Q: 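To start, I am sharing the structure in question, which I have written as structure tokens.
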Amino acid sequence: MNRMIEWVNFLLLAFFSLCYGYQLIYLLVGMVKRKPKETKTIHMHRFAILIPARNEGAVIEGILSSIECQDYPSDLIDVYVIADNCTDDTGIRARERGAQVIVRNNCSQIGKGYALDYALKRIERKMGLEYYDAYMVFDADNVLDKGYVTAMNRTFCQGYNIITSYRNSKNYGENWITAGYSLWFMRESRFLNGARMKLNTSCAISGTGFLVASQIIREDGGWKYNLLTEDIEFTTDHIIRGDKIGYCQDAVLYDEQPSTFRDSWNQRLRWTKGFYQVFAHYGKGLVRGMVREHRFQCYDMLMVIAPATLITLASLIFNTSCVAAGMIAHSFSMVESALFGVGGCLFSIYFTLLFFGLCTLVSERKQIHCSKVRQVLYLLMFPVFIFTYIPMAVAALFQKVTWKNIPHSILCTPDQICGKE
């Protein structure tokens, strides 16, 4: 029995390593700094900025102010705030800052995807989708570096019709939860999307801060993605279709992260459930693209949406079951083997996550704006933050999950975040 426990743990670890070992190559590639590809011909494109907002009156002026401060011609940027089922003054504040406000009231179809599609249909009827060369999407709590649009336009000129950007945080140093989010998104930017861009494979959009060409919107018939993680659904569908998503490292936005565990739980439970939904709807297509067409980006995306936490959970369930069985059978050696399996699993995952977090902390230290002491403390808590996905993975399997509003309250500028004011 002890031998069997050892073999099962070995096979689970080997399977996990086989699935995700390629990301070590991403890490090495991401460590190498490379100047962005030079674009010989720069065309100043016309952009529409779409900002879905539900009761975001406390922060909407921040994103609008940062758009006003862009070093890109203002006559080539139109801003649309989608006041989606709002009961506060979001729309009023947005109009006062010069944004065009699209009011949407629909309590049966809730989510960013529905709001985006509603706005795109309005724009199509009013002036046609092709009036704009591309559409940028942001959350209402975001703020942008002044060179954001210029940087995205430069990458757009390289021929990418879908582009994601660098996601930083407003409140990295608030607590271990906000730091956990922040470190993860920085790792995603530098060591996932950044590495993918260098290796000429497809990147993935992540919630906010992305560009989609009007041609893509036209082909999709608007925004047809309405699962709980509409960003991952959009990415997965377009990767299956063979589209290559680009990444712009010089386009930096700042995002407010949930600071309470309750809000974090609600948000990440929705993400986890959404990943399951995307896997159920698009997993077959990814496998087909991977096996029949030998496309690496399909494999890469399959690993993004495949529930890695469930492999970890399987190890924990197996070993704890063996501990219980050993105690019932009064088999100390069996209990010892199973406990060693549990400890080994958690130990290896903790230090793997700590290593990735440390690499991100060191490489992105200029982008992290909090004290050194907090940086070290929150680094040690980073694996704990990721471990909290394990109970979420279980809950998402059985629980009905709906979209819940996450409150935002931090109104600031990029200079204030970086300590320049």
Side-chain angles (χ1 to χ4, degrees), residues 9-36 164 166-167 179-206 232 235-236 239 244-247 249 275 279 286-287 289-291 294-316 341 343-368 375-376 378-387 389-390 393:
N9 282 310
F10 173 78
L11 290 174
L12 286 171
L13 180 61
F15 179 66
F16 189 92
S17 301
L18 183 64
C19 288
Y20 294 96
Y22 74 98
Q23 293 193 7
L24 288 174
I25 298 174
Y26 279 178
L27 181 68
L28 295 174
V29 172
M31 284 290 188
V32 179
K33 289 189 176 182
R34 191 178 74 177
K35 292 183 179 179
T164 190
Y166 187 101
R167 191 171 179 179
Y181 276 103
S182 306
L183 207 55
W184 180 263
F185 287 134
M186 286 182 174
R187 173 186 173 268
E188 182 179 73
S189 295
R190 177 70 180 265
F191 295 113
L192 293 181
N193 284 330
R196 289 164 177 153
M197 191 70 168
K198 292 175 184 176
L199 294 171
N200 199 33
T201 186
S202 183
C203 304
I205 66 170
S206 179
I232 300 299
T235 298
T236 304
I239 284 177
K244 186 179 292 184
I245 300 172
Y247 165 68
Q249 67 179 16
F275 274 46
F279 181 78
L286 289 173
V287 172
M290 179 182 71
V291 175
H294 309 292
R295 291 195 286 131
F296 171 75
Q297 53 265 44
C298 287
Y299 172 79
D300 191 14
M301 199 62 206
L302 185 64
M303 292 303 101
V304 171
I305 65 172
T309 48
L310 289 182
I311 301 175
T312 305
L313 184 63
S315 175
L316 294 177
C345 174
L346 296 177
F347 180 88
S348 60
I349 294 174
Y350 179 89
F351 281 97
T352 298
L353 291 170
L354 190 66
F355 173 70
F356 278 112
L358 178 61
C359 291
T360 305
L361 186 67
V362 171
S363 63
E364 302 304 284
R365 59 190 179 278
K366 293 182 180 179
Q367 302 289 346
I368 298 174
Q375 288 182 31
V376 174
Y378 296 152
L379 171 64
L380 297 175
M381 291 296 293
F382 175 65
V384 178
F385 173 79
I386 302 301
F387 278 148
Y389 272 105
I390 296 174

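For the numbers below, each heavy atom of this structure counts, side chains included, while hydrogens, waters and symmetry mates do not. If you're wondering where the values come from, they're calculated on a predicted model, not measured in any experiment.
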Q: Looking only at non-hydrogen atoms, find the nearest pair between L361 and L183 and report the distance.
A: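 Closest approach of L361 to L183: N-CD1, 4.2 Å.
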Q: In the structure I gave you, are the side-chain heavy atoms of Y166 and F185 within less than 4.5 Å of one another anywhere?
A: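 With C-beta onward as the side chain, the pair stays apart.
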Q: Would you compute the distance between atom OG of S206 and atom OH of Y247 and round it to the nearest 0.5 angstrom?
A: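 Interatomic distance, S206 OG to Y247 OH, rounded to 0.5 Å: 11.5 Å.
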Q: For residues S363 and F191, determine if any side-chain heavy atom of one lies less than 4.5 Å from a side-chain heavy atom of the other.
A: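 They are in contact (side-chain heavy atoms under 4.5 Å apart), so the answer is yes.
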Q: Given 3.5 Å as the limit, does a donor-acceptor pair link the side chain of Y299 with the main chain of C19, or not?
A: yes
Q: Report yes if the side chains of M301 and R295 come closer than 4.5 Å at any heavy-atom pair, otherwise no.
A: no
Q: Walk me through whether W184 and T360 qualify under side-chain contact (heavy atoms from CB on, under 4.5 Å).
A: CA-CA 9 Å; W184 180 263; T360 305; over 6 Å; no
Q: State, to 0.1 Å, how close G30 and A195 come at their nearest heavy-atom pair, and which atoms those are.
A: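 Reported closest heavy-atom pair: N-CB, 4.3 Å.
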Q: Which value, rounded to the nearest 0.5 Å, describes the distance between F387 atom CZ and F382 atom CZ?
A: 11.0 Å
Q: Can you give me the closest heavy-atom contact between M186 and E364, atom names plus distance?
A: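 Scanning both residues completely, I find the closest heavy atoms to be SD-CB, 4.1 Å.
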Q: What are the two closest heavy atoms between T164 and A204, and how far apart are they?
A: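 Answer, listing the atom of T164 first, then A204: CG2-O, 3.7 Å.
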Q: Between L286 and I305, is there a side-chain heavy-atom distance shorter than 4.5 Å?
A: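 Heavy-atom side-chain distance check passes, below 4.5 Å.
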Q: Given 3.5 Å as the limit, does a donor-acceptor pair link the side chain of S202 with the main chain of I245, or not?
A: yes
Q: Taking the side chain as every heavy atom from C-beta outward, state whether L192 and R196 have any atom pair closer than 4.5 Å.
A: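 Yes; the side chains approach each other to less than 4.5 Å.
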Q: Enumerate the salt bridge (charged side-chain N to carboxylate O under 4.0 Å, His left out) contacts for residues 9-26, please, sequence neighbours excluded, ordered by first and then second residue.
A: none
Q: Strictly distance-based, threshold 3.5 Å: is any side-chain N or O of Y20 a donor or acceptor partner for the main-chain N or O of M303?
A: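 Yes; judged by distance alone, with no hydrogens or angles, the pair exists.
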Q: Less than 4.5 Å apart, side chain to side chain, heavy atoms only: is that true for D300 and Y22?
A: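 They are in contact (side-chain heavy atoms under 4.5 Å apart), so the answer is yes.
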Q: Got a list of side-chain donor-acceptor pairs under 3.5 Å for residues 347-358, not counting sequence neighbours?
A:
unit_1 : atom_1 : unit_2 : atom_2 : d
S348   : OG     : G344   : O      : 2.9
S348   : OG     : C345   : O      : 2.9
Y350   : OH     : L380   : O      : 2.9
T352   : OG1    : S348   : O      : 2.7

Q: Taking atom CD of Q297 and atom NZ of K244, what is their separation to the nearest 0.5 Å?
A: 7.0 Å
Q: Considering residues, nucleotides and ligands other than L11, do more than 12 of their heavy atoms fall under 6.0 Å from its CG?
A: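 For L11, atom CG is crowded (more than 12 foreign heavy atoms under 6.0 Å).
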Q: Looking only at heavy atoms, which two atoms of I232 and F275 are closest? And how far apart?
A: CG1-CE1, 3.7 Å
Q: Which heavy-atom pair separates M31 from R190 by the least distance, and what is that distance?
A: O-NH2, 3.8 Å
Q: Between R167 and E188, is there a salt bridge with N-O shorter than 4.0 Å?
A: no
